[in-house]
Amino acid sequence: MSRLGPSGMLFFAHTVLETVLGAMKLRGRYEGQTAAGPEAKFVRHHGVCLLSLALLAACTLLRREVDAPTGGLVSAVLCFFHAAATAV
């Protein structure tokens with residue numbers, strides 16, 4: 001991988017963190033809690049959502065579109081998701 005600028009490093013960090021957190025949630029429970037039935041399904045769904053966001057950032061990074069208009073659009077989508085998740 002060629003040298004990453006600040007935007008590329010942010011996309012890389014996002015990809016790694018969302019992949020790790022998404023994989024952890026695929027177990028069907030949050031850390032320190034037990035979940036069964038619908039709750040476990042919700043947690044797994046959350047994990048899949050995080051993995052899809054990680055894939056979006058990874059594809060943008062690997063295609064070297066971070067500083068292109070595509071990267072700007074992906075940044076807006078990721079920013080909206082995280083802002084909305086924080087707001088609720």
Side-chain angles (χ1 to χ4, degrees):
M1 185 181 301
S2 65
R3 192 172 177 140
L4 296 175
S7 298
M9 286 189 270
L10 183 61
F11 269 72
F12 180 76
H14 182 271
T15 300
V16 171
L17 290 173
E18 295 289 21
T19 299
V20 170
L21 293 172
M24 288 171 54
K25 294 195 183 327
L26 288 180
R27 298 177 302 164
R29 61 185 176 87
Y30 291 107
E31 191 63 36
Q33 297 178 348
T34 58
E39 294 88 10
K41 185 175 180 181
F42 174 80
V43 175
R44 284 190 197 94
H45 182 263
H46 185 206
V48 170
C49 289
L50 294 178
L51 290 173
S52 67
L53 292 174
L55 181 61
L56 177 64
C59 287
T60 305
L61 185 63
L62 292 173
R63 291 172 177 243
R64 298 181 182 178
E65 296 281 337
V66 172
D67 295 318
T70 302
L73 180 60
V74 170
S75 292
V77 169
L78 294 174
C79 182
F80 175 78
F81 171 82
H82 289 294
T86 302
V88 298

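Quick caveat: nothing in here was measured; it's all calculated off a predicted structure.
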Results of ring-ring contact (aromatic ring centres under 6.0 Å, His included) for His82 - residues two or more places apart only
His14

Set of residues satisfying side chain to side chain contact (heavy atoms under 4.5 Å, CB included) with respect to Ser52, sequence neighbours excluded:
none

Report the hydrophobic cluster partners of Val48, with the cluster defined as I, L, V, M, F, W, Y residues connected by side-chain heavy atoms closer than 4.5 angstrom, directly or transitively.
Leu26, Leu51

What closest approach, in Å, do Thr19 and Ala54 show between heavy atoms, and which atom pair accounts for it?
OG1-CB, 3.3 Å

Those residues that, when tested against Ala58, pass side chain to side chain contact (heavy atoms under 4.5 Å, CB included) (two or more places apart):
Thr15

Transitive ILVMFWY cluster of Leu55 at side-chain heavy atoms under 4.5 Å: who else is in it?
none

Do Leu4 and Leu61 have side chains that get closer than 4.5 Å, going by heavy atoms?
yes

Compare every heavy atom of Ala57 with every heavy atom of Leu78, then report the nearest pair and how far apart it is.
CD1-CB, 4.3 Å

All heavy atoms of Ser7 vs all of Val66, minimum pair found to be CB-CG1, 3.4 Å

dist Arg27:CZ -> Lys25:NZ (nearest 0.5 Å) comes out at 8.5 Å

Going from CG on Leu62 to CZ on Phe11, what distance comes out if it is rounded to the nearest 0.5 angstrom?
11.5 Å

ILVMFWY cluster, Val16 and Val74 together (side-chain gap under 4.5 Å):
yes

Check the hydrophobic clustering (I, L, V, M, F, W, Y; side-chain heavy atoms under 4.5 Å; chains of links allowed) and say if Leu53 and Phe12 are grouped together.
yes

